[in-house]
Structures are given as structure tokens and as C-alpha cells.
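Here it is, the structure, as C-alpha cells.
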Amino acid sequence: MNSNNVITCVKHNRAKIKAGKREESTKMLLDFFKQQQDKAKGLSGYLVLENMMDEQESIVITFWQTKEDMDSFYRPDNKILSEFVEKVKPLFQVLPERSDHIVRDFKLI
């Protein structure tokens, strides 16, 4: 992750994973983020959530320094992200839904 921990925007990714594939999907996702943590411009961090009531649902939230950095990473021609999505696509029941959010306040206590 970038050493500058300013967070202004987040990308919310909600995925429905095929039955029995969540662990494999999560491992691939964590490996991907470990590779990207010092490469993706403006990426301040990420949060991976697994729904406790629905074994097929996972949520990934990425934290960005600027909207421009976030948009650049998620653009359709980002080869690194596109290749990763193609690699994990067989594990999805349906492709992830994405939404953008502005951070108004963030604090861990």
C-alpha cells in the first residue's frame, strides 16, 4: 500500500461466488492485492469481507487517495486488473457489482 494513507474515495465490489469456491477466490484476491500494494498508484488499502450468512457473497472495498487514481486502476484497459478478472471469472456466479463512494469520515478506534 502507498505510504500516504489519505483516503478520499472507495470502490465497493460485491461478488457472488459459485458454491464451494469462496476460499479459492479469496486466496487469489489476497495474492493479487499483495502484488499490487506498492504498484497501484493511490491505493491506500483494501478490505475483504466474507458474508457470515451467505457463503457465496464476498465484498471487497478498496481505499483510494483520489478519484482519479481509483478511476485509473478500474479503467477497462488496465491490463493487470483485466487479466486478474479473467483468471477469477470462472469462480463467479455473476460478475461483481461495483459502486464508487466518497469518504466523508473514516476512523478506527
Side-chain angles (χ1 to χ4, degrees):
M1 282 171 275
N2 197 309
S3 61
N4 185 349
N5 286 328
V6 173
I7 300 169
T8 65
C9 296
V10 300
K11 178 75 79 173
H12 178 273
N13 302 272
R14 180 180 175 267
K16 285 299 248 182
I17 310 298
K18 289 180 181 174
K21 298 292 185 180
R22 185 164 74 178
E23 190 169 327
E24 180 181 357
S25 170
T26 299
K27 182 185 180 323
M28 291 172 72
L29 183 66
L30 293 175
D31 288 345
F32 174 74
F33 278 123
K34 285 177 187 169
Q35 294 170 10
Q36 295 306 306
Q37 66 187 15
D38 293 323
K39 297 177 186 172
K41 181 181 182 294
L43 178 63
S44 292
Y46 57 91
L47 176 65
V48 178
L49 304 168
E50 294 179 337
N51 188 318
M52 294 169 54
M53 303 302 285
D54 181 353
E55 286 196 20
Q56 290 181 263
E57 182 181 73
S58 292
I59 305 275
V60 176
I61 300 173
T62 54
F63 302 95
W64 297 92
Q65 293 175 18
T66 68
K67 182 178 183 327
E68 293 76 20
D69 292 336
M70 180 176 72
D71 290 347
S72 178
F73 183 79
Y74 283 98
R75 72 184 190 276
D77 64 339
N78 178 348
K79 187 176 178 181
I80 293 168
L81 181 60
S82 298
E83 287 176 357
F84 173 73
V85 170
E86 285 302 312
K87 191 173 163 183
V88 296
K89 192 184 277 188
L91 304 178
F92 294 137
Q93 183 175 331
V94 292
L95 288 176
E97 297 173 8
R98 293 182 177 150
S99 58
D100 299 347
H101 304 271
I102 295 171
V103 175
R104 293 294 179 205
D105 192 24
F106 178 80
K107 185 174 186 174
L108 295 174
I109 306 174

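Numbering of residues begins at 1 and proceeds along the displayed sequence.
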Option from Phe33, Phe32, Trp64 for which ring-ring contact (aromatic ring centres under 6.0 Å, His included) with Tyr46 holds:
Phe33

For Lys87 versus Pro90, what's the shortest heavy-atom pair and its separation?
O-CD, 3.5 Å

Enter the distance from Glu24:CD to Lys27:NZ here, rounded to the nearest 0.5 Å.
9.5 Å

Enter the distance from Arg98:CZ to Arg14:CZ here, rounded to the nearest 0.5 Å.
14.5 Å

Less than 4.5 Å apart, any side-chain heavy atom of Asn51 and any of Ile59?
no

Would you sort out whether Leu43 and Asp69 count as a side chain to side chain contact (heavy atoms under 4.5 Å, CB included), showing the intermediate values?
CA-CA 7 Å; Leu43 178 63; Asp69 292 336; over 6 Å; no

Validation row: Ile80, Phe73 side chains within 4.5 angstrom (heavy atoms)
no

For Gln65 and Thr8, which heavy atoms make the closest approach, and how far apart are they?
O-OG1, 2.6 Å

Which one of Asn13, Val88, Val48 satisfies the side chain to side chain contact (heavy atoms under 4.5 Å, CB included) criterion with Leu29?
Val48

Measure the spacing between CD1 of Ile7 and OG1 of Thr66 and express it to the nearest 0.5 Å.
12.5 Å

A side-chain contact here means heavy atoms from C-beta on lying under 4.5 Å apart; do Gln36 and Lys39 qualify?
yes

Please report the shortest heavy-atom distance between Ile17 and Ser25, naming the atom on each side.
CD1-OG, 3.6 Å

In Å and rounded to the nearest 0.5 Å, what is the CG to CZ distance from Asp54 to Arg22?
7.5 Å

Do Phe92 and Ile61 share a hydrophobic cluster (ILVMFWY, side-chain heavy atoms under 4.5 Å, transitive)?
no

Nearest 0.5 Å, what's the NZ-CG distance between Lys34 and Leu30?
6.0 Å

Is atom NZ of Lys21 surrounded by more than 12 heavy atoms (other residues, nucleotides or ligands) closer than 6.0 Å?
no

Gln93 pairs by side chain to side chain donor-acceptor pair (under 3.5 Å) with which of Lys16, Gln56, Lys18?
Gln56

Quick check against the 3.5 Å criterion: does Ser82 have a side-chain atom that pairs as donor or acceptor with the backbone of Pro76?
yes

Heavy atoms only: give me the nearest Phe84-Met28 pair and the separation to one decimal.
CE1-O, 3.6 Å

Measure the spacing between NZ of Lys11 and CG of Asp100 and express it to the nearest 0.5 Å.
3.5 Å

For atom CG of Leu95, is the number of surrounding heavy atoms from other residues, nucleotides or ligands below 6.0 Å larger than 12?
yes

Do Val60 and Phe63 share a hydrophobic cluster (ILVMFWY, side-chain heavy atoms under 4.5 Å, transitive)?
no

Closest approach of Ser58 to Thr26 (non-hydrogen atoms, all atoms of both residues)
OG-OG1, 4.4 Å

On a heavy-atom basis, the closest approach of Val6 and Ser44 is O-OG, 2.9 Å

If hydrophobic clusters are built by linking Ile, Leu, Val, Met, Phe, Trp and Tyr wherever their side-chain heavy atoms come under 4.5 Å apart, do Leu49 and Met53 end up in the same one?
no

Polar side-chain atom of Ser72 near backbone of Glu68 as donor-acceptor pair, under 3.5 Å:
no

